[in-house]
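Chain letters run A, B, ... following the sequence lines, proteins first, then strands; residues in each count from 1.
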Number of protein chains: 2
Amino acid sequence: MAERSEPARDPEAVSRFVEHFAAQLVEAGLQRMPARVFAALLASDRGVLTSAELSEALKISPAAVSGAVRYLAQVHMVSREREPGSRRERYRVHGDQWYEALTNRETVIKRWEDALREGVTSLGPDTPAGRRLTETLAFFEFIDREVVAMMERWRAHRAERFGRA
Amino acid sequence: MAERSEPARDPEAVSRFVEHFAAQLVEAGLQRMPARVFAALLASDRGVLTSAELSEALKISPAAVSGAVRYLAQVHMVSREREPGSRRERYRVHGDQWYEALTNRETVIKRWEDALREGVTSLGPDTPAGRRLTETLAFFEFIDREVVAMMERWRAHRAERFGRA
DNA sequence: CCTTAACTTCACAAATTTCTGAAAGAAGCG
DNA sequence: CGCTTCTTTCAGAAATTTGTGAAGTTAAGG
């Protein structure tokens, strides 16, 4: 038998990590299945798993995998790719996963900003409440700008430490 | 009748804003009642409302107010104060609300980091999965540091624009 | 084209969450 | 101290969410 270059994986240790990390994500507001699927991908060797592998590893139905993956793709936390010459779909976490996720969170903040602007207008900019909303809006606008710069710094930091673009 | 210095509030406009903004917060993962209570406080003149006022404005039972406020206080999005010489409790959003909320989110990230460190150890730092987890961990550690600096910049920015410490 | 493997959609059963009314618990005020 | 007012806790009804099996859809491979 050919020698494997990487240590063997302990499925139980993997599962323990997956469930533990997923639980933290759930606590932060992510739904259960998306959280588990995402954690499983994160803990996989290549960062890629097929639907069948996820179904097997997490003991959930293909339908559940489908739903979880649809959600994760929508918020750009995984990408889906078709294995060439096969009906198998593969789901991948990429290196930019968190960048993407944060960028997506930004669009959430945009909607908050819209709601706040509407509030300022309808309550009146010169009312006490209007002023509070204005300040809140200013905070989010500030964050928007800062996060862009921050992510650029992260890319530089990562390139230096992990040596890729 | 003495003249009021502030424009009168249109309860319907307030309610529209409250429900709309709360809906955005819910979509971002907050529970419904905490979201509505928070939005109501944000849209109030003084940033302070009593339990009874919240109950009345949102058409929910005192029990629901109690539960929502307990949660919001726990994550530092409102503070509770006792009106001196009364059994009435007052709930307040302060200017530091978002700072506090973000700081709190940081403690969530700390738990993610713990889970990741555990994963790196149990999967092995030299496995492909271990390396991916290590990079993810590095990202969060980076964010931790950056957010602290960012919030300092916000305080300066706010002081300049809104003129308070 | 037809077959078949793989994913998705849909309706529903189960589990969970949410909110309420009622009872219990604090705390001011007489 | 006990009365009264407000808040919290608790058990349960109602609504929502979640995950499944089964049928439906898509596309590869003969």
Side-chain angles (χ1 to χ4, degrees), chain A residues 15 18-19 21-41 44 48-75 77-93, chain B residues 15 18-19 22-41 44 46 48-75 77-93:
Chain A
S15 175
V18 167
E19 297 307 329
F21 190 61
Q24 305 301 325
L25 294 175
V26 167
E27 206 163 331
L30 204 60
Q31 292 154 341
R32 180 177 307 279
M33 287 296 136
R36 295 181 71 208
V37 165
F38 183 76
L41 282 168
S44 69
V48 174
L49 291 173
T50 65
S51 178
E53 288 168 331
L54 284 167
S55 182
E56 156 71 16
L58 300 174
K59 305 281 185 241
I60 58 180
S61 72
V65 174
S66 176
V69 161
R70 179 173 22 148
Y71 173 80
L72 290 170
Q74 204 167 17
V75 301
M77 287 177 73
V78 310
S79 59
R80 12 183 22 155
E81 21 185 273
R82 187 50 76 88
E83 207 165 313
S86 161
R87 278 127 292 191
R88 279 214 177 93
E89 198 116 18
R90 307 190 313 180
Y91 309 113
R92 146 167 284 139
V93 287
Chain B
S15 174
V18 167
E19 296 308 328
Q24 305 301 323
L25 295 175
V26 167
E27 206 163 333
L30 204 60
Q31 293 153 341
R32 182 177 306 279
M33 286 298 133
R36 296 181 70 208
V37 166
F38 182 76
L41 283 168
S44 69
R46 301 199 307 122
V48 174
L49 292 173
T50 65
S51 178
E53 288 168 330
L54 284 167
S55 183
E56 157 70 16
L58 300 175
K59 305 280 187 242
I60 58 181
S61 72
V65 174
S66 176
V69 161
R70 178 171 24 149
Y71 173 81
L72 289 170
Q74 203 167 16
V75 302
M77 286 176 74
V78 310
S79 58
R80 11 182 23 152
E81 20 184 275
R82 186 51 74 89
E83 208 166 313
S86 160
R87 280 125 289 188
R88 280 217 178 92
E89 198 113 21
R90 306 190 314 178
Y91 309 112
R92 145 167 283 141
V93 287

Practice task
Just do the side-chain contact (heavy atoms from CB on, under 4.5 Å) check on E56(A) and K59(A) with the steps written out, would you?
Solution key: CA-CA 5 Å; E56(A) 156 71 16; K59(A) 305 281 185 241; 3.8 Å; yes
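- Of the candidates dT8(D), dT9(C), dT20(C), dT20(C) carries the atom nearest the S61(B) side chain, counting heavy atoms from C-beta on.
- Checked options L72(A), V37(A), V93(A); the residue passing with M77(A) is L72(A) (criterion: side-chain contact (heavy atoms from CB on, under 4.5 Å)).
- Within the 4.0 angstrom heavy-atom criterion, no nucleotide atom of any strand lies near R90(A).
- For R32(B), counting side-chain heavy atoms from C-beta on, the closest listed nucleotide (dC19(C), dG19(D), dT20(C)) is dC19(C).
- For R87(A) and dA27(D), the shortest distance from a side-chain N or O to OP1 or OP2 is not below 4.0 Å.
- Among residues at least two apart or in separate chains, side chain to side chain donor-acceptor pair (under 3.5 Å) pairs with a member in residues 28-41 of chain A are E19(A)-R36(A).
- Nearest nucleotide to the side chain of A63(A), out of dT20(D), dA27(D), dT8(D): dT20(D).
- The distance between atom CG of L58(A) and atom C1' of dT20(D), rounded to the nearest whole Å, is 15 Å.
- Note: CG (L49(A)) to P (dA6(C)) measures 16 Å, nearest angstrom.
- Relative to the side chain of R82(A), the nucleotides dA27(D), dT9(D), dT9(C) differ in distance, and dA27(D) lies closest.
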Practice task
For the pair E89(B) and V69(B), evaluate side-chain contact (heavy atoms from CB on, under 4.5 Å) and give the outcome as yes or no after the intermediate values.
Solution key: CA-CA 11 Å; E89(B) 198 113 21; V69(B) 161; over 6 Å; no
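- Between Y71(B) atom OH and dT7(D) atom P the separation is 22 Å, expressed in whole Å.
- At a threshold of 4.5 Å between non-hydrogen side-chain atoms, the residues V65(A) and L58(A) do not count as touching.
- In this structure, the CG atom of L54(A) is 12 Å from the P atom of dT8(C), given to the nearest Å.
- Closest to the R88(B) side chain, of the nucleotides dT8(C), dC6(D), dT8(D), is dC6(D).
- Here dG21(D) presents its P atom at 14 Å from NZ of K59(A), a figure rounded to the nearest Å.
- With DNA chain D read from its 5' end, the first of the two nearest nucleotides for S86(A) and P34(A) is the one closest to P34(A).
- Nucleic acid contact class of G85(B) (heavy atoms, under 4.0 Å, all strands): sugar-phosphate only.
- Using a 4.0 Å heavy-atom cutoff across all strands shown, R36(A) reaches no nucleic acid atom at all.
- To the nearest angstrom, P of dC19(C) lies 13 Å from CZ of R70(B).
- The separation between E53(A) atom CD and dC7(C) atom P is 10 Å, rounded to whole Å.
- The side chain of S51(A) contributes an N or O atom lying less than 4.0 Å from OP1 or OP2 of dC7(C).
- Atom P of nucleotide dA14(C) and atom CE of M33(A) are separated by 17 Å, given to the nearest angstrom.
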